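Remember, it's 1-based here, ligands and their atoms both numbered in the order they're listed. Computed over heavy atoms, backbone and side chain alike; hydrogens, waters and symmetry mates excluded. Here the structure is a predicted model, which means the values were calculated and not measured.
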Amino acid sequence: MDGKKLAGEKAAAYVENGMVVGLGTGSTVYWTIMKLGERVREGLRIQGVPTSRRTEELALELGIPLLDLAEVDEIDLTIDGADESDGDLNLIKGGGGALLREKLVASVSRRFIVVADESKWVASLGKFPLPVEVVPFGWELTRRQLGKLGCDPVLRMAGNEIYVTDNGNYIIDCHFGVIKDAKSLSETLNKWPGVVENGLFVNMAERIVLGYTDGSVEERLPE
Ligand code: 5RP
């Protein structure tokens, strides 16, 4: 069975009438958003805050009323996917390129629930290359600085073109192998002027809903 679909649909049950809901980006939360679209057609009243243009388009197609982040001070609940989660529910995100908006939305959310299939659950973070969003100006310098942290930094491409985020920035995927201290790495990265944001989400997730190919779904809290 599709663990992503199982997890994504199950997490939609946390959404209640009247909520402002952060809508994540990716192929797992896609199923959450599809379910919410169904519930909206049945009368659920919510307002969504999308984390990417892709999610915005999907939500609009489904008739989910949307708010811009600028219009809210607080979001009741955000549901989003992840590329990796460790036992403390520290995450790597940004495989889909939406890390900056995802982190902004999650940071003003009272609750943040992660949806993923079993492949995302890891003993330690870092096998998945850490996405770092950087300003285009002088990106080669920023890449060299990232390399000094002991990773192999690779500029993200979309075919023959440089990949450009919804915010007009570039992404450098940093191959660390293992990340020992996610909090301190995140702080170090964000101190550099060329770095806009990084894909480490530390101490943000309340729970993870994990879907398994055997058809089961499990919820885990930080250890
Ligand atoms: C997008 C993300 C996604 O949540 C992450 O890449 C997981 O995606 P998927 O659910 O498609 O595996 O961070 O920027």
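- Here the side chain of Arg54 pairs no donor or acceptor atom with the backbone of Ala98 at under 3.5 angstrom.
- Residues satisfying the salt bridge (charged side-chain N to carboxylate O under 4.0 Å, His left out) test with Glu219, not counting sequence neighbours, are Lys10, Arg207.
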Kindly list each side-chain donor-acceptor pair under 3.5 angstrom involving residues 75-84, sequence neighbours excluded, with atom names and distances?
| residue | atom | partner | partner atom | Å |
| --- | --- | --- | --- | --- |
| Asp76 | OD1 | Arg110 | NH2 | 2.9 |
| Asp76 | OD2 | Val20 | N | 2.7 |
| Thr78 | OG1 | Ser109 | OG | 2.6 |
| Asp80 | OD1 | Thr25 | N | 3.1 |
| Asp80 | OD1 | Lys93 | NZ | 3.3 |
| Asp80 | OD2 | Lys93 | NZ | 3.1 |
| Asp83 | OD2 | Gly94 | N | 3.2 |
| Asp83 | OD2 | Gly95 | N | 2.8 |
| Glu84 | OE1 | Gly126 | N | 2.8 |
| Glu84 | OE2 | Lys127 | N | 3.3 |
| Glu84 | OE2 | Phe128 | N | 2.7 |

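- For atom 6 (O) of ligand 1, the closest heavy atom belonging to the protein is Asp83 OD1, 2.6 Å.
- Under a 3.5 Å cut-off, the side chain of Lys103 and the backbone N or O of Asn198 do form a donor-acceptor pair.
- The protein non-hydrogen atom at the shortest distance from atom 13 (O) of ligand 1 is Gly94 N, 2.7 Å.
- In terms of protein heavy-atom proximity, atom 3 (C) of ligand 1 is nearest to Thr25 O, 3.2 Å.
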Item to complete: Report the C-alpha distance between Glu57 and Arg53 in whole Å, list the side-chain angles of each, state the deciding distance to 0.1 Å, and finish with yes or no for salt bridge (Lys or Arg N to Asp or Glu O under 4.0 Å).
Response: CA-CA 6 Å; Glu57 279 163 24; Arg53 295 214 180 107; over 6 Å; no
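- With rounding to the nearest 0.5 Å, the separation of CG in Leu6 from NZ in Lys4 is 12.5 Å.
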Item to complete: For the pair Glu42 and Arg39, evaluate salt bridge (Lys or Arg N to Asp or Glu O under 4.0 Å) and give the outcome as yes or no after the intermediate values.
Response: CA-CA 5 Å; Glu42 289 162 6; Arg39 290 180 58 198; 5.9 Å; no
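- When each atom of ligand 1 is checked for a heavy atom of Lys4 under 4.0 Å away, the hits are 9 (P), 11 (O), 12 (O).
- When each atom of ligand 1 is checked for a heavy atom of Gly26 under 4.0 Å away, the hits are 11 (O).
- Remark: among candidates Ser52, Gly95, Ala82, the nearest residue to atom 7 (C) of ligand 1 is Ala82, based on non-hydrogen atoms.
- For atom 10 (O) of ligand 1, the closest non-hydrogen atom of the protein is Thr28 OG1, 2.6 Å.
- Of all atoms in ligand 1, numbered sequentially from 1 with element shown, those under 4.0 Å from a heavy atom of Gly96 are 1 (C), 2 (C), 6 (O), 14 (O).
- Closest protein heavy atom to atom 12 (O) of ligand 1: Lys120 NZ, 2.5 Å.
- Among Ser27, Gly81, Gly97, the residue whose heavy atom lies nearest to atom 11 (O) of ligand 1 is Ser27.
- Glu102 OE2, 3.3 Å is the protein heavy atom nearest to atom 2 (C) of ligand 1.
- Of all the heavy atoms of Asp80, the ones lying under 4.0 Å from any atom of ligand 1 belong exclusively to the side chain.
- Looking only at distances, a side-chain donor or acceptor of Asp214 sits under 3.5 Å from a matching main-chain atom of Ser216.
- Backbone and side-chain nitrogen or oxygen atoms of Ala98 are examined, and one is located within less than 3.5 angstrom of a nitrogen or oxygen of ligand 1.
- Looking at Thr142 and Pro193, their side chains never come closer than 4.5 Å, going by heavy atoms from C-beta outward.
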